[in-house]
Amino acid sequence: MQIRRFIDSHTEGEPTRVLLADDNAPFSTTLPEILARWTSDGRLKIPPDMLALAANPRAADATVCALVCAPSTRDAVCGVLFWNAAGALGMCGHATIGLARTLAWAGYDLPRVATFETRVGGVRVQTLDDGAINFTNVPSYVHARDVEVVLEQGGMARGDIAWGGNWFFIVRHDGRAPAGKAGRRMRSHEEELAYTNAIARGIARAKLRGGAENGGVIDHVSLILQPSRGDADARNFVLCPNGTFDRSPCGTGTSALLASLAARGELAPKAMWRQESAIGSLFCASYAAIEGTPRDDADENAAELSPRAGSVIPSIAGRAFIVAEGRVVADHGDPSRCGAWIEEA
Ligand code: PYC
């Protein structure tokens with residue numbers, strides 16, 4: 001599979017690189033075929049030359065790639081696989097918004113409500129009258145509440161483990177909950193990176209896992225803080241698996257938070273939640289409650305069976321802007337063509 005074209009955008013500050021074949025066309029391979037080709041020993045591994053398209057020196061640290069391919073389901077207009085420099089993501093909310101904006105910009109005539117097939121389920125996108133793009137995410141739910149993680153510097157962080165298309169450990173510092181805990185504003189990006197990285201190391205030491213989806217790997221940490229904007233309900237700082245933080249309010253992270261707020265009775269179905277990001281941008285979000293069924297997460301097929309009881313369907317809107325388009329060049333003499341700097345012997 002040869003990536004030929006890319007179109008770069010950002011969604012509320014977070015970069016997306018959409019990868020296409022010649023003539024800005026989706027790849028003809030289906031998403032399940034790509035996943036099968038790139039999976040070995042039960043693990044999905046994005047090939048190094050593909051990972052390199054999301055990494056320095058070809059891309060900004062925070063970049064998420066979105067490879068557009070043929071769908072395998074009748075309702076979807078395309079399939080999409082997301083990854084960042086650290087590897088595959090389950091879903092990616094900001095990149096879903098970026099992809100919808102990109103396809104429209106590239107001349108695709110999308111239906112009013114279009115479905116994208118992702119590796120964790122179908123997501124629906126719709127362009128709103130004000131130009132913002134809304135996506136309806138996969139069912140999101142809380143796996144465990146009030147889990148304590150010991151920090152190496154002393155003390156502990158308490159959080160909910162929740163699924164929103166990726167697994168999140170959500171630590172509340174917004175002053176709303178858990179009851180009685182004082183809230184605080186965001187500190188510098190460096191300080192919050194150090195804090196969230198310490199939490200991520202604590203999660204790894206304690207071998208914490210989520211439910212059946214995506215192998216249960218908790219690879220995102222989300223701090224929920226007091227907002228700096230008067231029109232926001234809370235601000236977040238989300239550590240991503242590539243070691244950087246999400247500049248947007250994080251679509252999957254906001255979805256996981258909505259599931260947590262719903263589980264705690266803090267937000268009613270259809271009520272608006274305005275999520276501010278680490279850089280001050282905004283997503284508008286709400287959720288619909290669904291029935292779901294109790295299930296056994298030890299069953300390896302559990303994620304495919306039906307949504308878990310207590311799941312919500314998040315709906316999230318934000319704006320995306322195109323910033324560049326180009327042709328991928330693979331120079332075989334380039335020591336960094338696969339990301340790392342490797343001189344041939
Ligand atoms: O918007 O879901 C998101 C996301 C995940 C990682 C970076 N952005």
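Start at 1 and go down the list; that is how both ligands and their atoms are numbered.
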Stepwise side-chain contact (heavy atoms from CB on, under 4.5 Å) check, R264 with R172: CA-CA 12 Å; R264 292 173 177 278; R172 302 279 297 269; 4.2 Å; yes
Worked check of salt bridge (Lys or Arg N to Asp or Glu O under 4.0 Å) between E192 and R235: CA-CA 13 Å; E192 301 301 12; R235 186 173 200 180; over 6 Å; no
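Look at R201 and E152 and you find a salt bridge, because one of the NZ, NE, NH1 or NH2 atoms lies within 4.0 Å of a carboxylate O, short of that distance.
Scanning all protein heavy atoms for the shortest distance to atom 7 (C) of ligand 1 gives D246 OD2, 3.2 Å.
Under the 3.5 Å distance criterion, with hydrogens and angles disregarded, no donor-acceptor pair is assigned to the side chains of S277 and D246.
Proximity of T252 to ligand 1, defined as any heavy-atom pair under 4.0 Å, is shared by backbone and side chain alike.
Which parts of ligand 1 touch G251 is read off a 4.0 Å heavy-atom cut-off, strictly below it: atoms 1 (O), 2 (O), 3 (C).
Closest approach of R337 and A52 over heavy atoms only: O-CB, 3.4 Å.
Considering backbone and side-chain N/O atoms, V64 never comes within less than 3.5 Å of an N/O atom of ligand 1. Polar contact with ligand 1: present for G93 (N/O pair, distance under 3.5 Å). Between H94 and ligand 1, a contact under 3.5 Å exists for at least one N or O pair.
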